[in-house]
Amino acid sequence: MAATTSESRDRALTALEAKLGGADLSLSQELFSVLGVLDSNAALRRALTDPSGTAEAKQALVKQLFAGKVSEDAVEITAALAAERWSTERDLGDTLEELAATVATAVAERQGTQGLDDLQAQLLGFNDAVAANHDLQWALEDRTAPAASKVALAEKLVPGASDVARSLIAQAVSAPRGLRPTALVERFVQAVAKRQRRWIATVSVTRPLTDEQKSRLEAGLNQAYGRDLRLNVVQDPSLVGGLRVEVGDDVVDASAATRLAELKRRLVG
């Protein structure tokens, strides 16, 4: 991924986090619908990714096209993306797709790790069912078949699946964007895995922790992050002393090795 797109994507994902607390599945579906419009209109994609265009003009175009048709949040998210810089036209759509999937997984996350585990299992269950039947693969990849028919067929493969799982699977079979539906579902599985990592605290230590130390550490981390984390303790002799904690993208490094390295950098500087 080119640096320009990577930076724009990261800003978009960071901004989205502030909206996830109150977002419901309809926001995800609206973002997917906006994506459908972008994918079907080359002129619009060019207008929104043209490096010579101003951010203000692009945002105004988004509002003109989508205001009143989708929620204010969906318009705001799309307008913010349009104001960014992209290395290719497709990068804008790919990021919008990732944001829509992130909203959906965040809805499942409200049930804690179980909600995410269930969603992942349902998505993988769909892929397993398709992989085991060539007729299903052909039917779901048939570009001449109506999207509604493919969605109806896909839903039969995951009876009892959650609304979130059915929504993501429906998106994958109706608008795979040049991929096999199962490949897009695998992308959605990766989005779930990314949210799952927010619930796992990987603690690197130089020597094994006692049960009491684990309990104190777990309680402290749960309080700090406001959720019940899964503790994964690994030994790493290179730390020399102290510990290193990773929760999602957050890294708290209190190891002696890190402190010594920082001291060396200060001495050299």
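We number each residue from 1, following the sequence as shown.
By the 6.0 Å contact criterion, CD on Glu17 is enclosed, its count of non-hydrogen atoms from other residues, nucleotides or ligands being greater than 12. Counting heavy-atom neighbours within 6.0 Å of Glu72 CD, excluding the residue itself, gives a total of 12 or less. Heavy-atom neighbours of Arg180 CZ from other residues, nucleotides or ligands within 6.0 Å: at or below the threshold of 12.
With 3.5 Å as the limit, one finds no donor-acceptor pair spanning the side chains of Asp73 and Ser71. Inspection of the Ser204 and Asp236 side chains reveals no N or O donor paired with an N or O acceptor under 3.5 Å. No donor-acceptor contact under 3.5 angstrom links the side chains of Glu141 and Gln137, judged on distance only.
To the nearest 0.5 Å, atoms CG (Leu231) and OG1 (Thr202) are separated by 8.5 Å. Atoms NZ and CZ, on Lys194 and Arg197 in that order, are 7.5 Å from each other to the nearest 0.5 Å. Of the inter-residue distances, the one linking Asn127 atom CG with Gln122 atom CD reads 13.0 Å to the nearest 0.5 angstrom. The line from CG of Leu61 to CZ of Phe66 is 8.0 Å long, rounded to the nearest 0.5 Å. The CD atom of Glu186 sits 11.5 Å away from atom CG of Leu179, with the distance rounded to the nearest 0.5 Å. Note that CG of Leu31 is 12.0 Å distant from CD of Glu98, once rounded to the nearest 0.5 Å.
We find that Glu97 and Arg187 are joined by a salt bridge, their nearest charged nitrogen and carboxylate oxygen being less than 4.0 Å apart. Ion pairing between a basic and an acidic side chain is recognised when a charged N comes within 4.0 Å of a carboxylate O; Glu218 and Lys214 show no such pairing. The pair Arg244-Glu246 meets the salt-bridge criterion, with a side-chain N (NZ, NE, NH1 or NH2) lying under 4.0 Å from an Asp/Glu carboxylate O. Ionic pairing of Lys69 and Glu30 is not present here: no N-O contact between side-chain nitrogen and carboxylate oxygen is shorter than 4.0 angstrom.
Proximity of Ser167 to Leu25: side-chain heavy atoms (C-beta onward) are separated by under 4.5 Å at one or more points. Contact of the Thr4 side chain with the Asp91 side chain is not registered, since no non-hydrogen atoms from C-beta on lie closer than 4.5 Å. Considering only heavy atoms from C-beta on, Lys19 comes within 4.5 Å of Glu76 through its side chain. Proximity of Leu20 to Arg195: side-chain heavy atoms (C-beta onward) are separated by under 4.5 Å at one or more points. Side chains of Arg9 and Glu84 form no contact here, defined as non-hydrogen atoms less than 4.5 Å apart. A 4.5 Å side-chain heavy-atom check between Val130 and Pro181 finds every atom pair outside the cut-off. Side-chain atoms of Ser149 and Leu153, non-hydrogen and from C-beta on, never get closer than 4.5 Å to each other. Side-chain contact between Val245 and Val251 is absent, with no heavy atoms from C-beta onward closer than 4.5 Å.
Checking side-chain atoms of Gln213 against main-chain N and O of Thr210 turns up a donor-acceptor pair under 3.5 Å. A donor-acceptor contact shorter than 3.5 Å links the side chain of Lys58 to the backbone of Asp50. Although no hydrogens or angles enter the test, the distance criterion places a donor-acceptor pair under 3.5 Å between the side chain of Ser215 and the main chain of Asp211. In this structure, Ser174 contributes its side chain and Ala147 its backbone to no donor-acceptor pair below 3.5 Å. Remark: the backbone N or O of Trp86 is not paired with any side-chain donor or acceptor of Thr5 at under 3.5 angstrom. For Lys156 (side chain) and Val151 (main-chain N/O), no donor-acceptor pair under 3.5 Å exists by modelled atom type. Looking at Asn222, its side chain never comes within 3.5 Å of a backbone N or O of Ala219 through a donor-acceptor pair.
Counting all heavy atoms, side chain and backbone alike, Val103 lies closest to Ala23 at CG1-CB, 4.1 Å. Of all non-hydrogen atoms in Leu119 and Ala108, the two that sit nearest each other are CD2-CB, 3.8 Å. Nearest heavy atoms, Thr88 versus Thr49: O-CG2, 4.5 Å. Listed here is the closest heavy atom pair of Ala79 and Val62: N-CG1, 3.7 Å. The minimum heavy-atom distance linking Gln59 with Ala83 is given by the pair NE2-CB, 3.6 Å. Smallest separation of non-hydrogen atoms from Ser28 and Ala104: OG-CB, 3.7 Å.
A salt bridge (Lys or Arg N to Asp or Glu O under 4.0 Å) with Asp39 is found for exactly one of Arg90, Arg177, Arg45, namely Arg177. Put simply, the residue from Gln120, Arg230, Glu109 that forms a side-chain contact (heavy atoms from CB on, under 4.5 Å) with Gln196 is Gln120. Partner of Leu123 under the side-chain contact (heavy atoms from CB on, under 4.5 Å) criterion, chosen from Asp118, Thr182, Val192: Val192. Leu221 pairs with exactly one of Val252, Leu229, Asp228 by the side-chain contact (heavy atoms from CB on, under 4.5 Å) rule, that one being Leu229. Of the candidates Leu99, Asp94, Thr78, Leu96, Leu96 is the only one forming a side-chain contact (heavy atoms from CB on, under 4.5 Å) with Leu35.
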**Prompt:** Please walk me through it: do Phe126 and Val185 pass side-chain contact (heavy atoms from CB on, under 4.5 Å)?
**Reply:** CA-CA 9 Å; Phe126 168 80; Val185 169; 3.9 Å; yes

**Item:** Working for side-chain contact (heavy atoms from CB on, under 4.5 Å), residues Val234 and Val203
**Value:** CA-CA 6 Å; Val234 297; Val203 181; over 6 Å; no

**Item:** Pair Leu16-Thr102, side-chain contact (heavy atoms from CB on, under 4.5 Å): steps then yes or no
**Value:** CA-CA 9 Å; Leu16 182 66; Thr102 299; 3.9 Å; yes

**Request:** Just do the side-chain contact (heavy atoms from CB on, under 4.5 Å) check on Ile169 and Phe188 with the steps written out, would you?
**Result:** CA-CA 9 Å; Ile169 290 170; Phe188 296 154; over 6 Å; no

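Clustering ILVMFWY residues whenever any of their side-chain heavy atoms sit less than 4.5 angstrom apart, transitively, puts Val247 in a cluster other than the one holding Leu13.
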